[in-house]
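Chain letters run A, B, ... following the sequence lines, proteins first, then strands; residues in each count from 1. Only a predicted model underlies this, so the values are computations on that prediction, with no experimental measurement involved.
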There are 2 protein chains.
Amino acid sequence: MLTIGTLAKKTGTKVQTIRYYEQIGLMPEPGRTEGGQRRYGDAELDRLSFIRHSRQLGFSLDAIRELLDLSDHPEKSCDEADAIARRQLRQVEQRMARLKALRTELKRMVHECSGGRTADCRVLEVLRDHSECLTEHDDIGA
Amino acid sequence: MLTIGTLAKKTGTKVQTIRYYEQIGLMPEPGRTEGGQRRYGDAELDRLSFIRHSRQLGFSLDAIRELLDLSDHPEKSCDEADAIARRQLRQVEQRMARLKALRTELKRMVHECSGGRTADCRVLEVLRDHSECLTEHDDIGA
DNA sequence: GCTTGAATCTACAGTAGCTAGAGGATGTAA
DNA sequence: TTACATCCTCTAGCTACTGTAGATTCAAGC
């Protein structure tokens, strides 16, 4: 039986985060000691590892909820899990493309900085001037 | 004189967002009509454009605050603005490297999916198994 | 001058995914 | 038994917005 702290260490999660996952129903309510402290078993360790690994791959908590549900029903078709993963892959690729454009513009800004007074600063000038900008108007999203 | 709605359209910002920027002190309190509606001039248009462009490049509101401050003092040295931009560039590069690793793993997951039952699903299996994972334990950050 | 309808106002709540702190109870080793 | 790390609940805070409710204002058309 693991305390919440041990579980936290084993999975690289903060204690608060585990309680948060319980609160939103992503982790089940565990057993308790007489004094009311949580005690976890291997099933919970596996589940939390799954969650954390998925988070590291950028899946949203909602997506993880779906994946966990699929994982709980081995007789279901694999298609859904595959679709979720593909969606995630598309998102990652979109973000990469976006970051690439940002990097280009940032590099341009930085390399052209003369090192003088801010009055002549290329960094600020580029930020002021939208016209030679590659990025679109909407969807700032991280 | 521009209404808040016109300013919003011109800069690709939501009206609420402009009011939010005012609330946190990023935009100045504008003049008002007798009835209490906000009216903006060109200075505000420029400032908001600067903010939005910076946001599109991924700068945090705090960083933008610094940049605006520098921009307001043309006699200051350019070094600081350059440092902020370089910091941002580093962040973008880190994120890209991270996304690249994620993409690799996601691709592996997706390509190996057999299309059968979830019991044999590679996607779920990979998420369950942390051992062959490239990503580190901490810093999930977007 | 009057009406209509779009735009604006304030204030507050909600989003994701946690994180931090207060103030008190519990568990365990010496 | 005592010390002290860890645990408990509850609440508030973070970033950067977004959405809603209900009331008011503005500008155009008649």
### Query
Can you find an N or O donor on one side and an acceptor on the other, under 3.5 Å apart, linking the side chain of Gln16(B) with the base of dT8(C)?
no
### Task
Determine the contact category for Ile4(A): base if any of its heavy atoms lies under 4.0 Å from a base atom, sugar-phosphate if only primed atoms, P, OP1 or OP2 are that close, otherwise nothing.
sugar-phosphate
### Query
Are the charged groups of Glu66(A) and Arg87(A) less than 4.0 angstrom apart, N to O?
yes
### Message
Are Ile18(A) and Arg38(A) packed together at the side-chain level, in the sense that at least one heavy-atom pair is separated by less than 4.5 angstrom?
### Response
no
### Task
Nearest whole angstrom, please: distance from the P of dA13(C) to the CD of Gln23(B).
13 Å
### Query
What is the distance from CD1 of Ile24(A) to C1' of dA16(C), rounded to the nearest Å?
9 Å
Protein-nucleotides 27-30 of chain C N/O pairs under 3.5 Å:
unit_1, atom_1, unit_2, atom_2, d
dG27(C), OP1, Thr33(A), OG1, 2.8
dG27(C), OP1, Gly35(A), N, 3.3

### Task
Would you kindly give the CG-to-C1' distance between Leu48(A) and dC18(C), to the nearest whole Å?
14 Å
#### Entry: Side-chain N or O of Arg38(B) closer than 4.0 Å to phosphate OP1/OP2 of dC9(C)
yes
### Query
Starting at CZ of Arg19(A) and ending at C1' of dT6(D), how long is that distance when rounded to a whole Å?
10 Å
### Message
By the definition side chain to side chain donor-acceptor pair (under 3.5 Å), identify the one residue from Arg52(A), Arg47(A), Gln16(A) that meets it with Tyr21(A).
### Response
Arg52(A)
### Query
Which whole-number value in Å describes the distance from Arg32(B) CZ to dT8(C) P?
12 Å
### Query
Atom OH of Tyr40(B) and atom C1' of dC9(C): how far apart are they, to the nearest Å?
12 Å
What's touching nucleotides 13-16 of chain D from the protein side, N or O pairs under 3.5 Å?
unit_1, atom_1, unit_2, atom_2, d
dA16(D), OP2, Leu61(B), N, 3.4

### Task
Please determine if Glu125(B) and Arg128(B) form a salt bridge, counting it only when a charged side-chain N lies under 4.0 Å from a carboxylate O.
no
#### Entry: SB check Arg86(A) Asp82(A) (cutoff 4.0 Å)
yes
### Query
Do any N or O atoms from the side chain of Ser49(B) and from the backbone of Leu45(B) form a donor-acceptor pair under 3.5 angstrom?
yes
### Message
Within the 4.5 Å heavy-atom criterion, are Leu48(B) and Lys10(B) side-chain neighbours or not?
### Response
no
### For atom CE of Met1(B) and atom P of dC26(D), their distance in whole Å
15 Å
### Query
Just wondering, are more than 12 heavy atoms of other shown residues or ligands nearer than 6.0 Å to CG in Asp42(A)?
no
### Task
Mind listing the closest non-hydrogen atom pair of Ala85(B) and Leu106(A) along with its distance?
O-CD2, 4.4 Å
### Task
Whole angstrom is fine here: how far is it from CD in Glu22(A) over to C1' in dC8(D)?
12 Å
### Task
Tell me whether the OP1 or OP2 atom of dG17(C) has a side-chain N or O from Lys14(A) closer than 4.0 Å.
no
